[in-house]
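Structure, as structure tokens:
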Amino acid sequence: IKAVVSGMPNVLAGSVITMDQCVRNLKVYTDCSIVYALMAASTHPARCLGIYPKKGSLDIGSDADFVLLDNDLHVQATIIKGEIMYKTSQVFN
């Protein structure tokens with residue numbers, strides 16, 4: 001199954017929205033808790049894909065992949081397998 005642009009079967013439909021913006025949108029539009037919005041972007045998809053608890057969890061034995069967000073849910077750092085892959089100038093100074 002794939003989503004395509006109407007009348008253009010060889011053009012995949014997609015989006016350029018970032019995941020942190022999706023989390024912020026969910027929080028604003030549904031008035032859900034921050035915990036719920038974050039789980040909707042991590043734990044629930046990992047369960048659906050059958051990769052939980054290796055992904056979507058910070059339990060012992062899970063991959064050390066996570067995103068550090070500020071209070072407004074903007075990405076400040078990305079850590080993959082315990083290694084900092086991205087950081088803003090405001091963190092880890």
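For reference, positions follow the sequence shown, starting with 1.
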Is the closest side-chain heavy-atom distance between Asn25 and Ile17 below 4.5 Å?
->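 With C-beta onward as the side chain, the pair touches.
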
Between Asp63 and Lys81, does at least one N-O distance fall below 4.0 Å, as a salt bridge requires?
->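 A salt bridge is absent here (no side-chain N lies under 4.0 Å from a carboxylate O).
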
Could you tell me the separation between the CD atom of Gln76 and the CG atom of Asp70, rounded to the nearest 0.5 Å?
->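 So the CD of Gln76 and the CG of Asp70 are separated by 4.5 Å.
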
Interatomic spacing from CG in Asp65 to OG in Ser42 - rounded to 0.5 Å =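 Asp65 atom CG to Ser42 atom OG measures 12.0 Å (nearest 0.5 Å).
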
Closest approach of [X] to [Y] (non-hydrogen atoms, all atoms of both residues):
X	Y	result
Leu26	Ala40	CD2-CB, 3.7 Å
Ser62	Pro53	OG-O, 2.5 Å
Asp72	Arg24	O-CD, 3.1 Å
Ser33	Lys27	C-CD, 4.1 Å
Ala46	Lys55	CB-O, 3.3 Å

Going by side-chain heavy atoms closer than 4.5 Å, which hydrophobic residues are tied to Leu38, directly or by a chain of links?
->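 Noted: Leu38 shares its cluster with Val23, Ile34, Val67, Leu69, Leu73, Val75, Tyr86.
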
Exceeds 12 heavy-atom contacts within 6.0 angstrom, atom OH of Tyr52 |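 Yes, because the 6.0 Å sphere around OH of Tyr52 holds more than 12 heavy atoms from other groups.
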
For Ala77, side chain to side chain contact (heavy atoms under 4.5 Å, CB included) partners two or more places apart =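 Leu68, Ile79, Lys87, Val91, Phe92.
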
